[in-house]
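The structure under discussion appears below in the form of structure tokens.
Counting convention: from 1, in listed order, for ligands and their atoms alike. The analysis underlying the following values was restricted to heavy atoms, covering all of them including side chains, and did not include hydrogens, waters or symmetry mates.
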Amino acid sequence: MKTVRVRVAPSPTGDPHVGTAYIGLFDYVFARSRNGKFILRIEDTDRTRSTPESEQAIMESLRWVGLQWDEGPDVGGDYGPYRQSERSEIYRAHTQMLLEADKAYRCFCTPERLTEMRDRQRKEKLPPKYDGRCRELKPEEIENNLSEGKPFVVRLRIPPHGYVSFTDKIRGLVQIATEQIDDQVLLKSDGFPTYHLANVVDDHLMEITHVIRAEEWISSTPKHVLLYEAFGWEMPQFIHMPLLRNTDKSKISKRKNPVSLLWYKDQGYMPEALLNFLGNMGWSFSDGREIFSLDEMIADFSWDRVGTTGPVFDITKLDWMNGMYVRQLSPEKLTSRLLETALAGRDVGRERLLRIAPLIQERITKFSAEEFDAMSDFFFIGADQLEYDPGLLAPKKTEPADVAPALQKMRERFDALDAWETQPMEDAIRALADEIGWKAGSLFMCVRIAVTGRKATPPLLESMVILGKDESLKRMDNAIEKAQALL
Ligand code: GLU
């Protein structure tokens, strides 16, 4: 049996797209499940829109997400070059082959003539299609045009009658009348190939066995099939994955959903969670579970469970999933991730973070500096920098004037504790609340504000243990002072 070889073939124009990770994931999983090879090919034939920065960002993002390719422009391989801009000669030679076999022809029509033709077709309500003027040029006419240096494109000679068909692994037989297909341009007048030519030539030369790509390309496939036939090449299997959709079911777009992989990285999503989320897009695990690792997906993978309906890319679902992944981390891993992501570049001691991280683990959904700070900034500032509205110190249904004395007593009880541990602290709070006729929850809240300045925090007593007795008492002192304002 042939070795499975699959490729992801992004065009380096703009930010790396989440769709590239989606298709890359299915490539990767399928390749791994069949001991095959996963290839990264850069389709940079659009010279005006392709940039090296974009190529770099695509590679970094795919690596970040955890999809390492076996062959590609940076890692090499036996089928290179893997960047289409470096394969121009190959495309020219293959165009020549098609010209010689009369499967393609040179078209000398000027852009003006083509615009006129299209305008006419529009007026006559005809489908836009090349009218074939240069299809049957005589050899002398071609020679003349060439010697006059007239620019030309090369077009594929699509059979005027008949059908072209292929089997999509997910959709089954797809058939279309050739008369609906335009004589596709293969080589542009600047000598660069179009997507169609480069894609087919490369898939063939790189011995791609399965072409996995998004559904939006399905309309190109009949042209590709005709190209394979024109070359006399064996065809790969075609697999068109359902298109990712916005919640309103339209095709995923940046107006409605962030589509850049860089955004997901910056927001602090875990790559494992993002992959797991994408794995649920269009595919389902055999036992219906939604949470699975990449290895589990590989072990369970089968095309039978890919559907045709466009999966909805629902970011709230991703948030939920990411939270699940965050909670599964050990304190060490959680700490390392925080240091690499949300806290990168900050001077946060690992030992201290190791104690704080588990306290916020239940409460964060992503590794963003924003979420981290909202939960734990109070750990990293001194008592005097803690700012909050003194009014927050007064619990509901208590006299504001009672707050300062209550805090004062609480401070004394804390000070008197032999051990600065959660249980004695909790006992002290409950006992005092009882004595002064407050609900325990009210006194907890009052202390929480005093110590953290916030209403929502990680577990209070554990936080106070980490802050230490001196620092906690200093914060109590400041709160007592602030509460005087409430008298
Ligand atoms: N360059 C195309 C893209 O940007 C590749 C499509 C395909 O896989 O054939 O997605």
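- Cation-pi check for Arg106 over Phe152 is met; the charged atom lies under 6.0 angstrom from the ring centroid and within 45 degrees of its normal.
- A search for side-chain contact (heavy atoms from CB on, under 4.5 Å) contacts involving Gln175 returns Tyr163, Ser165, not counting sequence neighbours.
- The only option from Leu40, Ile23, Asp203, Asp202 that meets the side chain to side chain contact (heavy atoms under 4.5 Å, CB included) definition with Arg7 turns out to be Asp203.
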Check: every ligand 1 N/O to protein N/O pair under 3.5 Å:
residue  : atom  : partner : partner atom : Å
ligand 1 : 1 (N) : Ala9    : O            : 2.8
ligand 1 : 1 (N) : Ser11   : OG           : 3.2
ligand 1 : 1 (N) : Glu43   : OE1          : 2.6
ligand 1 : 4 (O) : Ser11   : OG           : 3.4
ligand 1 : 8 (O) : Arg7    : NH1          : 2.7
ligand 1 : 8 (O) : Arg7    : NH2          : 3.4
ligand 1 : 9 (O) : Arg7    : NH2          : 3.2
ligand 1 : 9 (O) : Tyr195  : OH           : 2.8
ligand 1 : 9 (O) : Asn199  : ND2          : 3.1
ligand 1 : 9 (O) : Arg213  : NH1          : 2.9

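- For residues 201-230, the pairs satisfying ring-ring contact (aromatic ring centres under 6.0 Å, His included) are Phe30-His210, Tyr195-Trp217, Tyr195-His224, His196-His224, His204-Trp233, with sequence neighbours left out.
- Put simply, the residue from Asp377, Leu353, Val348, Thr341 that forms a side chain to side chain contact (heavy atoms under 4.5 Å, CB included) with Phe372 is Leu353.
- Every residue meeting the side-chain contact (heavy atoms from CB on, under 4.5 Å) condition with Ser61, not counting sequence neighbours, appears here in chain and number order: Pro16, Leu261, Leu262.
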